[in-house]
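The structure appears below as structure tokens.
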Amino acid sequence: MLKLFNTLTRSKEEFIPINGMNVLMYSCGPTVYNYQHIGNLRTFFFEDILFRVLKYNGYKVRYVMNITDVGHLVSDQDEGEDKMEKSAKQLGKSVREIADHYTEIFKRDIGLMNIYPPDVYSKATDYIQEQIDLVKCLETKGYTYFTSDGVYFDTSKFPDYGKMAKLDISGLKEGSRIEFSEEKKNITDFALWKLSPENEQRQMEWDSPWGKGFPGWHLECSAMSKALLGNHFDIHCGGIDHIPIHHTNEIAQSEACSGEKFVNYWLHGEFLDMGNEKMSKSSGKFVTLQTLMDKGYTPMHYRYFLLMAHYKKKLKFSYEALDAAKSGYNNLSGKILNLRKDISSDEAISSSEKKNDFKSRFLEKINDDLNMPEAMSVLWEMLKDGDLSSNEKINLAYDFDMIFGLGLESVQPEKIETDIPEEIRILTEKRNEAKKKRDFKSADEIRDEIKQKGYEILDTKDGIQIKKSD
RNA sequence: GGCGUGGUACCCAAGUGGCUUAAGGGGAAAGUCUGCAAAACUUUUAUUCGACAGUUCGAAUCUGUCCCACGCCUCCA
């Protein structure tokens with residue numbers, strides 16, 4: 001039985017799809033006006049785990065993720081500039097170029113992280129008509145009103161507004177920002193269609209029954225999920241910050257138009273806690289996957305790091321913690337490599353009962369609201385077990401890796417340095433001579449010398465290994 | 001000001017009434033192996049869960065008060 005924490009009810013619930021073994025899932029993807037930072041990546045990683053766990057349980061998943069390439073303003077509250085237009089202006093490029101560029105990097109990053117791509121990436125700009133239709137639908141049903149800058153959704157007409165977020169609307173701070181809300185009837189009302197400013201030519205604008213303009217940010221997810229998954233589907237996920245505004249507004253729009261329940265299970269991933277290194281994109285200072293790679297970490301190190309915490313808890317990022325993950329991942333790879341060597345000489349001790357025991361414990365953990373830390377602990381316990389054969393261990397590890405996604409099957413032995421400088425070669429020879437003569441003192445001295453030159457000499461069973469030091 | 005989350009070993013982090021006098025990873029220490037290192041393997045590393053009261057046969061887990069940190073409401077995944 002798969003249990004998931006549903007933000008709607010704030011409790012773990014048994015997951016029961018609407019339609020048998022077919023699951024419809026939507027997740028809020030990136031706004032492609034800039035790089036995705038490692039915090040964003042945490043959310044996509046969490047969605048990947050969810051996707052993998054669903055598949056592991058035998059569900060057929062249709063998975064849609066949107067790419068926001070228009071309409072996401074600098075503020076969630078329909079104020080300020082369009083993020084895309086702003087970024088384009090700064091870089092002197094077209095909005096399309098910006099969107100394509102960052103979309104590409106996003107796809108590259110999640111590929112490196114072993115995050116499965118969705119079945120469909122839906123771009124907001126490819127669904128303008130659907131968005132206009134949705135506004136029309138809301139207009140017909142009397143949920144909209146006009147202001148001088150666009151069409152707004154009247155949240156007071158939707159009785160359950162803010163239910164999921166447990167919003168206390170009367171307690172929302174008034175007057176923190178007023179300029180644009182002057183004409184709003186309620187503080188929570190939001191834009192469905194924004195009219196282009198009269199004195200400004202936008203790169204992205206479309207004709208609509210209400211005038212030339214562009215869709216409000218929240219609209220795209222409602223319109224696209226409706227188009228690709230239907231009015232009512234199983235899972236919608238995203239970052240925890242989306243609960244109070246974005247997802248709240250999506251629910252209001254979608255349910256107001258369709259008259260049906262929108263989504264059964266809402267799942268939200270917690271933030272990565274950067275401590276002092278606060279990562280607001282607006283400040284331009286944030287850590288990307290590339291930043292980590294430049295510092296000598298691999299995407300799998302970061303993935304392993306994320307696996308150590310539960311998705312619903314804040315995870316404290318630090319390079320110290322990332323180092324721990326790096327070592328952990330490297331040790332794990334080493335174990336896998338050793339097991340592979342053992343397989344041939346393995347006497348197939350039959351302990352299938354124990355094997356099944358680990359497997360069912362693992363399943364229990366991943367199905368308990370995607371408890372990766374516990375699942376990882378099962379993995380390690382299994383690898384250290386004294387009764388299982390190497391064969392069984394490696395099979396289980398590969399099986400578990402369908403969830404972890406650490407690429408264990410393709411782990412390769414560390415490359416042995418091939419182009420060793422002549423100087424090091426000669427010194428290595430000299431050391432061998434000394435060793436043969438059992439002159440260990442000078443042998444050790446030479447090893448130290450080599451070490452100072454950045455290489456390490458290791459005596460192994462199979463001979464000498466020369467390694468470049470880190 | 002409003003709303004919310006969290007404080008578990010040196011670090012990251014599970015566990016949320018008895019199976020646990022607290023998983024797992026990293027780090028550290030000791031041992032086996034080795035001429036010595038490295039690797040590998042084995043073992044050790046919180047009688048204690050922010051503080052103080054209380055509920056209970058029983059609490060890290062529930063309640064209250066306090067302290068601290070953080071998030072959102074104002075760009076955020």
Side-chain angles (χ1 to χ4, degrees), chain A residues 10 27-31 33-34 36-47 72-77 79-81 83 86 165-177 187-188 237-246 268-275 278-284 286 304-332 334-335 338 365 368 371-381 383-384 386 414 435 438-441 443-444 447-448 451 456-461 464-465 467:
Chain A
R10 305 287 157 118
S27 78
C28 283
T31 300
Y33 69 106
N34 205 331
Q36 298 300 299
H37 55 57
I38 57 175
N40 297 315
L41 253 20
R42 184 183 185 199
T43 299
F44 299 121
F45 160 81
F46 139 67
E47 287 153 0
H72 194 168
L73 302 185
V74 167
S75 146
D76 274 357
Q77 299 279 20
E79 256 189 73
E81 294 176 87
K83 289 181 174 181
K86 186 180 174 193
K166 296 193 190 298
L167 286 186
D168 171 12
I169 292 161
S170 57
L172 288 179
K173 184 141 186 186
E174 303 149 31
S176 71
R177 226 174 340 85
I187 188 168
T188 47
C237 40
I240 194 169
D241 55 313
H242 282 155
I243 297 172
I245 298 175
H246 184 53
H268 294 95
E270 248 295 356
F271 273 18
L272 182 69
D273 179 358
M274 293 301 287
K278 231 203 149 196
M279 289 205 298
S280 52
K281 281 197 182 169
S282 47
S283 77
F286 52 89
Y304 189 98
F305 171 76
L306 294 177
L307 248 4
M308 298 202 299
H310 190 264
Y311 79 89
K312 264 177 58 53
K313 290 257 182 101
K314 286 187 198 80
L315 170 58
K316 283 184 242 176
F317 178 84
S318 69
Y319 284 103
E320 191 186 0
L322 188 57
D323 281 335
K326 181 179 181 175
S327 301
Y329 174 79
N330 290 154
N331 289 156
L332 179 60
K335 273 228 149 58
N338 284 341
K365 297 307 184 190
D368 180 16
N371 197 329
M372 290 306 115
E374 293 263 9
M376 285 290 277
S377 132
V378 173
L379 171 70
W380 277 104
E381 240 186 273
L383 289 171
K384 288 183 170 174
E414 213 179 325
K435 263 186 74 182
R438 301 191 65 80
D439 177 6
F440 296 118
K441 194 171 168 241
D444 287 348
R447 180 163 57 195
D448 282 346
K451 196 171 181 180
E456 237 171 307
I457 300 289
L458 311 175
D459 299 330
T460 70
K461 279 188 292 207
I464 288 143
Q465 258 193 34
K467 225 178 83 178

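Letters A, B, ... are given to chains in the order of the sequence lines, protein chains preceding strands, and every chain is numbered from 1. Computed from a predicted model, the values in this text were never measured in an experiment.
What separates CG of A:Leu322 from C1' of B:G25 is a distance of 13 Å, to the nearest Å. Rounded to whole angstrom, the span from the CG atom of A:Asn330 across to the P atom of B:G26 amounts to 10 Å. Here the P atom of nucleotide B:G24 and the CE atom of A:Met372 are 18 Å apart, to the nearest Å. In this structure, the CG atom of A:Asp448 is 13 Å from the P atom of B:A38, given to the nearest Å. Atom-to-atom, CG of A:Leu272 to C1' of B:G71 comes out at 13 Å; the value is rounded to the nearest Å. Across the protein-nucleic acid pair, A:Ile243 atom CD1 and B:C73 atom C1' stand 13 Å apart, rounded to whole Å. When the C1' atom of B:C73 is taken as reference, atom CD1 of A:Ile240 falls 14 Å away, rounded to whole Å.
For A:Lys326, the salt bridge (Lys or Arg N to Asp or Glu O under 4.0 Å) criterion is met by no residue, not counting sequence neighbours. Under the rule for a ring pair (Phe, Tyr, Trp, His ring centres under 6.0 Å), the partners of A:Phe46 that lie at least two apart in sequence or sit in another chain are A:Tyr311. Considering only residues two or more places apart in sequence or on other chains, A:Ala443 meets the side-chain contact (heavy atoms from CB on, under 4.5 Å) condition with A:Arg431, A:Ala434, A:Lys435. Listed by chain and number, the residues in a salt bridge (Lys or Arg N to Asp or Glu O under 4.0 Å) with A:Asp439 amount to none (sequence neighbours excluded). Under the rule for a ring pair (Phe, Tyr, Trp, His ring centres under 6.0 Å), the partners of A:Phe44 that lie at least two apart in sequence or sit in another chain are A:Phe106. Under the salt bridge (Lys or Arg N to Asp or Glu O under 4.0 Å) criterion, A:Asp448 pairs with no residue, sequence neighbours left out. Looking at residues two or more places apart in sequence or on another chain, you find a side-chain contact (heavy atoms from CB on, under 4.5 Å) between A:Glu320 and A:Ser318. A:Asn371 pairs by the side chain to side chain donor-acceptor pair (under 3.5 Å) definition with nothing, not counting sequence neighbours.
Under the stacking criterion of a centre-to-centre distance below 5.5 angstrom and an interplanar angle below 30°, A:Trp380 is not stacked against the six-membered ring of B:G25.
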Quick tally for nucleotides 8-17 of chain B: nucleotides whose base has a protein heavy atom under 4.0 Å get B, sugar-phosphate-only ones S, the rest -, giving ---SSSSSB-
Reading 5' to 3' through nucleotides 28-35 of chain B, protein heavy-atom contacts under 4.0 Å coded B for base, S for sugar-phosphate only, - for none = -------B
Between protein and nucleic acid, restricted to nucleotides 39-46 of chain B and to nitrogen or oxygen atoms under 3.5 Å apart, what atom pairs and distances do you find?
| residue | atom | partner | partner atom | Å |
| --- | --- | --- | --- | --- |
| B:C41 | OP1 | A:Lys335 | NZ | 3.0 |

Using Watson-Crick or G-U wobble pairs with both distances under 3.5 Å, give me RNA chain B in dot-bracket, 5' to 3', with [ ] for crossers and | for pairs to another strand.
-> ((((((((.[[[..)..(.....]]]((((((.......))))))....[[[[[..)....]]]]])))))))....
